[in-house]
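Please read these numbers as outputs of a predicted model, since none were measured by experiment. Computation of the quantities below employed the complete heavy-atom set of this structure, encompassing side-chain atoms and omitting hydrogens, waters and symmetry-equivalent molecules.
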Amino acid sequence: MSFRDLRNFTEMMRALGYPRHISMENFRTPNFGLVSEVLLWLVKRYEPQTDIPPDVDTEQDRVFFIKAIAQFMATKAHIKLNTKKLYQADGYAVKELLKITSVLYNAMKTKGMEGSEIVEEDVNKFKFDLGSKIADLKAARQLASEITSKGASLYDLLGMEVELREMRTEAIARPLEINETEKVMRIAIKEILTQVQKTKDLLNNVASDEANLEAKIEKRKLELERNRKRLETLQSVRPCFMDEYEKTEEELQKQYDIYLEKFQNLTYLEQQLEEHHRMEQERFEEAKNTLCLIQNKLKEEEKRLLKSGSNDDSDVDIQEDDESDSELEERRLPKPRTAMEVLMQGRPGKRIVGTMQGGDSDDNVSPPLPSAVLCALGLAVIDGSG
């Protein structure tokens, strides 16, 4: 008896409408009264006009009752029941009862499905669902291919029947030789005796194998115990190099802290350097733009002076023109020096000495001007002189 069979039996009986509640604990011990009641109810459910005596008081009545039930189910429903298990009236009888209940339960389900199909056909009389027929179509195609292959193989076998019939007839008609048959039987008996002797030898060696295995197991246990004690000893003893290891670990931690501090400082200084370079670049761009503006103003001033000088010289003769030209040249030359003086305002009393990259003063060393500024000043001087 299994729990699943008992659960299925109780659920089927409940679905069939059995009036009494059947628990799973009813079949832990023999309960012939319940088994006889269930059998009689199932038989009445299968064939209401059946006349089977329900007397189960004596042993003879119980035997007659079980035989009558088994005979009825065998003749009417073609269900073969084991009478011994039914007479035990315990968990083994549930399997026999399950045979009858499963037939009635399937019949009830089929009837319910047919009724629902009739209702659906009435509702969906003119509807045709092709999706539900796809599986049937695939199964039909598979069966058709199997029938074709089986038919072809059967045809080939039937074609060989003529030759096989002759060989079969000859084999049947051939008389058996007693000596040859006896020889074959003796060989077969000898082989069987050899196999039996090998089996006996293996059985005899089981004891020795068992002793060897026990000895190996005992040896392994001793090794395990010895290794366990050694492990406990090693764990309890402090290694000689442990102090040095802890000291080295502390020094390593300190060095790591120093490394982290220096790395943070280096990162901060790199960030400050980048910020300084960016500010210097911005100042350089600003100075360059300022110089460009000053250069443009100087050019405009020069053009204005040239126009005013040309208007004054228009009424003078050729000799005076030569003199005015020389004076005009003398007047132009100081202009770049004026621009330099404008740029160098705020630095009185300082003398620039050296190259264009920087110079030394009498008091202290002034910061060098950017190369682009000096180039722009050089261009301004050349334009003024030209």
Side-chain angles (χ1 to χ4, degrees), residues 234-235 237-312 325-386:
L234 292 175
Q235 288 177 350
V237 176
R238 181 180 176 84
C240 59
F241 57 85
M242 199 65 187
D243 296 334
E244 184 180 358
Y245 171 77
E246 291 177 354
K247 185 178 179 181
T248 307
E249 187 176 6
E250 291 177 357
E251 292 179 357
L252 181 61
Q253 184 65 33
K254 291 179 181 178
Q255 294 294 331
Y256 181 70
D257 295 337
I258 295 171
Y259 165 74
L260 284 180
E261 184 179 357
K262 290 184 177 181
F263 182 77
Q264 291 175 358
N265 294 335
L266 179 61
T267 306
Y268 176 73
L269 291 175
E270 288 178 353
Q271 182 181 1
Q272 292 295 323
L273 182 60
E274 291 178 359
E275 186 69 21
H276 178 69
H277 287 334
R278 186 180 61 80
M279 294 176 66
E280 286 290 334
Q281 185 68 22
E282 290 178 357
R283 284 198 294 268
F284 172 74
E285 295 291 337
E286 185 178 355
K288 186 177 179 181
N289 294 332
T290 306
L291 288 174
C292 291
L293 292 174
I294 294 172
Q295 187 178 2
N296 292 331
K297 288 181 180 181
L298 291 174
K299 287 182 179 180
E300 291 177 358
E301 184 68 21
E302 185 180 357
K303 289 179 181 179
R304 188 178 61 79
L305 292 174
L306 288 174
K307 288 180 181 181
S308 62
S310 62
N311 292 330
D312 294 336
D325 291 334
S326 60
E327 292 177 358
L328 183 59
E329 289 177 359
E330 291 176 357
R331 197 182 306 168
R332 288 178 185 173
L333 290 174
K335 289 296 180 180
R337 290 195 296 271
T338 307
M340 291 290 292
E341 292 174 357
V342 172
L343 290 172
M344 298 301 295
Q345 284 180 358
R347 301 182 184 179
K350 293 183 181 179
R351 180 169 55 85
I352 297 175
V353 180
T355 61
M356 293 181 69
Q357 299 296 325
D360 298 332
S361 63
D362 295 336
D363 299 336
N364 53 5
V365 179
S366 62
L369 293 174
S371 59
V373 176
L374 296 175
C375 292
L377 289 174
L379 291 175
V381 171
I382 292 170
D383 291 340
S385 63

A.B. asks: With sequence neighbours left out, what residues match D257 under salt bridge (Lys or Arg N to Asp or Glu O under 4.0 Å)?
C.D. replies: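 By the salt bridge (Lys or Arg N to Asp or Glu O under 4.0 Å) rule, D257 matches no residue at all.
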A.B. asks: Tell me whether the count of non-hydrogen atoms from other residues, nucleotides or ligands lying under 6.0 Å of CD in E244 goes above 12.
C.D. replies: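 Not more than 12 within 6.0 Å, no.
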A.B. asks: Tell me which pairs pass salt bridge (charged side-chain N to carboxylate O under 4.0 Å, His left out) where either residue lies in residues 261-283, with sequence neighbours left out.
C.D. replies: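 Qualifying pairs: E275-R278, R278-E282, E280-R283.
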A.B. asks: Identify, with sequence neighbours excluded, every residue that meets side-chain contact (heavy atoms from CB on, under 4.5 Å) alongside E249.
C.D. replies: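 By the side-chain contact (heavy atoms from CB on, under 4.5 Å) rule, E249 matches Y245.
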A.B. asks: According to side-chain contact (heavy atoms from CB on, under 4.5 Å), who are the partners of Y268, at least two apart in sequence or on a separate chain?
C.D. replies: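 Scan of Y268 (side-chain contact (heavy atoms from CB on, under 4.5 Å), adjacent residues dropped) gives Q272.
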A.B. asks: side-chain hydrogen bond (donor to acceptor under 3.5 Å, both in side chains) with N289: which residues, sequence neighbours excluded?
C.D. replies: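 By the side-chain hydrogen bond (donor to acceptor under 3.5 Å, both in side chains) rule, N289 matches no residue at all.
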A.B. asks: Please enumerate all residues that pass side-chain hydrogen bond (donor to acceptor under 3.5 Å, both in side chains) together with E246, with sequence neighbours excluded.
C.D. replies: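 Checked E246 against side-chain hydrogen bond (donor to acceptor under 3.5 Å, both in side chains); matches are R238.
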A.B. asks: Applying side-chain contact (heavy atoms from CB on, under 4.5 Å), can you list everything that pairs with E285, at least two apart in sequence or on another chain?
C.D. replies: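 Expected list: Q281.
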A.B. asks: Applying side-chain contact (heavy atoms from CB on, under 4.5 Å) between E302 and each of L298, L306, L305, report the one that passes.
C.D. replies: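 Checked L298, L306, L305 against E302; only one passes side-chain contact (heavy atoms from CB on, under 4.5 Å): L306.
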A.B. asks: With sequence neighbours left out, what residues match Y256 under side-chain contact (heavy atoms from CB on, under 4.5 Å)?
C.D. replies: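 Scan of Y256 (side-chain contact (heavy atoms from CB on, under 4.5 Å), adjacent residues dropped) gives Q253, Y259, L260.
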A.B. asks: Roughly how far, to the nearest 0.5 Å, is the CG atom of L269 from the CD atom of Q264?
C.D. replies: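 Rounded to the nearest 0.5 Å, the CD-CG separation comes out at 12.0 Å.
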